[in-house]
Amino acid sequence: AGRKKREVSAITEFNTKRGKVDGELSKEERSKYSKSAFGKELRAMLNNSPFEFNDNEKRALGVSLTTTAKEYVAATAEKNGVNNGGIFISDNVMYDLLEIDTLDSPFLRDCMPTHIKGALIFPYAAEKTLPAKTSRGKKEGEKADDLSIKWDKMTLAQGNYPLTIEVSMEVLALADDMFQTQLDMFAQYILDELRNEMDLLLGDEVLYGSGTDDRIEGVTVNAIKGEYETLAEGIQTAFKTLSKRSRKGAKLYISHLTSLNLAFEKDKNGQYLFPIYNQASGIKSIVQVPVEIEEGLVDDAFLYGNAKNYKLNFTKATEVYSELHGKTRVIESTAHLMVAGKAAPNKFYYGTKKETKPTTSGDSE
């Protein structure tokens, strides 16, 4: 019994050192080994050199399942040249790229993107009122009223976006036999650049994408629209316009200029609506509705609604094509994103400032 216990202890210590190849990887481990696999594949493609994944990298990529595993065939110089190579980023890494607490765009962060391959049609709850003169409670055997929520479906607008990132050739100074941590650093460097570009692109598109010409449909396209003369009245109208279900969990997203105008707005008596001194945190709520500054909104605009009613779905795995330019000493990586997005009808209110027409007077004789 003592010998068996020592053997189990030795095996446990061995597996702890080399990674949990005999069990499920944690979220942190999947992220780590997905990134190291990405780094290996990218470097091998740029250098026209073969590579091998270790067991944990295979497991993180979903190609290794205990005894029934399928062998992973590594890319070679013949199969994966510098100029025409394409590599896929695993879903584990894609989730890291869109970590909801790190995105710069509050609306993009709040809409909670999904990664369901090929999915373009999604259900949503359409508004429906209860029948008139009805009671909520029913006696035994009494017929129930129709359900107050009617479900409908919407087809998302497909977006097709190439993003190009340039990395200096100094990155190639890393040796082919890099340690695990160096591979992680290399992959993270590329992924940080990609994530930044994705954030900037999608942050704009979820707001103002046209829904045509291979672009997703932004939330403002079919939002309930209104113009305001005074900002306070415009926001009040937005709060009154949306239905009770649409208001549930809603936020008020305001542009940077709108936040400044709101901060310095005065009432009829000349008093500031909000204290303008010693307010380091800025305006965080209006009548208990959370407020966030959305830099992607145009000047004097605001958006009201629950971002979860905007559906953003990555329809295929992101693919990266890399090319080495010797003369300019640059590695050019182009990421191909296929993402679909659209807002559920009547779930958002988009307010803009009414343009004031200049007054003209006739020439006096």
Q | Lys308 atom NZ, over 12 foreign heavy atoms within 6.0 Å | A |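 Count not over threshold, so no.
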Q | Exceeds 12 heavy-atom contacts within 6.0 angstrom, atom NZ of Lys251 | A |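 Check passes, neighbour count above 12.
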If every non-hydrogen atom of [X] is compared with every non-hydrogen atom of [Y], which pair is closest and at what distance?
{"X": "Tyr304", "Y": "Ala250", "value": "CE1-CB, 3.7 Å"}
{"X": "Lys342", "Y": "Thr155", "value": "CD-O, 3.3 Å"}
{"X": "Leu163", "Y": "Met198", "value": "CD1-CG, 3.9 Å"}

Q.
Closer than 3.5 angstrom, by distance alone: can the side chain of Asn313 be matched with the main-chain N or O of Ala340 as a donor-acceptor pair?
A.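 Judged by distance alone, no pair lies under 3.5 Å.
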Q) Is the backbone of Val339 close enough, under 3.5 Å, to the side chain of Gln158 for a donor and an acceptor to pair up by distance? A)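 Yes, the answer is positive, given that a donor and an acceptor are paired below the 3.5 Å cut-off.
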Side chain proximity check, [X] to [Y], heavy atoms < 4.5 angstrom:
{"X": "Tyr228", "Y": "Glu233", "value": "no"}
{"X": "Glu332", "Y": "Thr164", "value": "yes"}
{"X": "Phe302", "Y": "Leu262", "value": "no"}
{"X": "Asp110", "Y": "Tyr253", "value": "yes"}
{"X": "Asn160", "Y": "Met338", "value": "yes"}
{"X": "Ile216", "Y": "Tyr310", "value": "yes"}
{"X": "Lys311", "Y": "Leu156", "value": "yes"}

Ignoring hydrogens and angles, write down the donor-acceptor pairs under 3.5 Å from the side chains of residues 293-301, residues two or more places apart or on other chains.
from, atom 1, to, atom 2, distance (Å)
Glu294, OE1, Ser105, OG, 2.9
Glu294, OE1, Phe107, N, 3.1
Glu294, OE2, Gly296, N, 3.0
Asp300, OD1, Asn261, ND2, 2.9

Separation of [Y] [atom2] from [X] [atom1] (nearest 0.5 Å):
{"X": "Tyr161", "Y": "Leu202", "atom1": "OH", "atom2": "CG", "answer": "7.0 Å"}
{"X": "Ser246", "Y": "Ile224", "atom1": "OG", "atom2": "CD1", "answer": "7.0 Å"}
{"X": "Leu252", "Y": "Glu292", "atom1": "CG", "atom2": "CD", "answer": "10.0 Å"}
{"X": "Leu201", "Y": "Asn196", "atom1": "CG", "atom2": "CG", "answer": "11.0 Å"}
{"X": "Thr230", "Y": "Lys353", "atom1": "OG1", "atom2": "NZ", "answer": "10.0 Å"}
{"X": "Leu337", "Y": "Lys316", "atom1": "CG", "atom2": "NZ", "answer": "8.5 Å"}

Hey, quick one: are [X] and [Y] part of the same hydrophobic cluster, counting side-chain heavy atoms closer than 4.5 Å, chains of contacts allowed?
{"X": "Phe348", "Y": "Tyr350", "result": "yes"}
{"X": "Val221", "Y": "Tyr208", "result": "no"}
{"X": "Ile235", "Y": "Leu260", "result": "no"}

Q.
Quiz question: by atom type and distance under 3.5 Å, do the side chains of Glu217 and Asn222 form a donor-acceptor pair?
A.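 There is such a pair between these side chains.
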**Q.** By side chain to side chain contact (heavy atoms under 4.5 Å, CB included) - contacts of Asp152 (at least two apart)
**A.**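 Here the qualifying residues are Tyr124, Ala126.
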Q. Partners of Asp213 by side chain to side chain contact (heavy atoms under 4.5 Å, CB included), sequence neighbours excluded?
A.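 Counting only residues at least two positions away or on another chain, Asp213 forms no side chain to side chain contact (heavy atoms under 4.5 Å, CB included).
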(Q) Apply side chain to side chain contact (heavy atoms under 4.5 Å, CB included) to residues Asp204 and Leu200 and explain how you reach the verdict. (A) CA-CA 7 Å; Asp204 289 337; Leu200 293 173; 5.7 Å; no
Q: Let me see the working for Tyr349 and Thr237 under side chain to side chain contact (heavy atoms under 4.5 Å, CB included), right down to the final yes or no.
A: CA-CA 9 Å; Tyr349 185 98; Thr237 300; 3.7 Å; yes
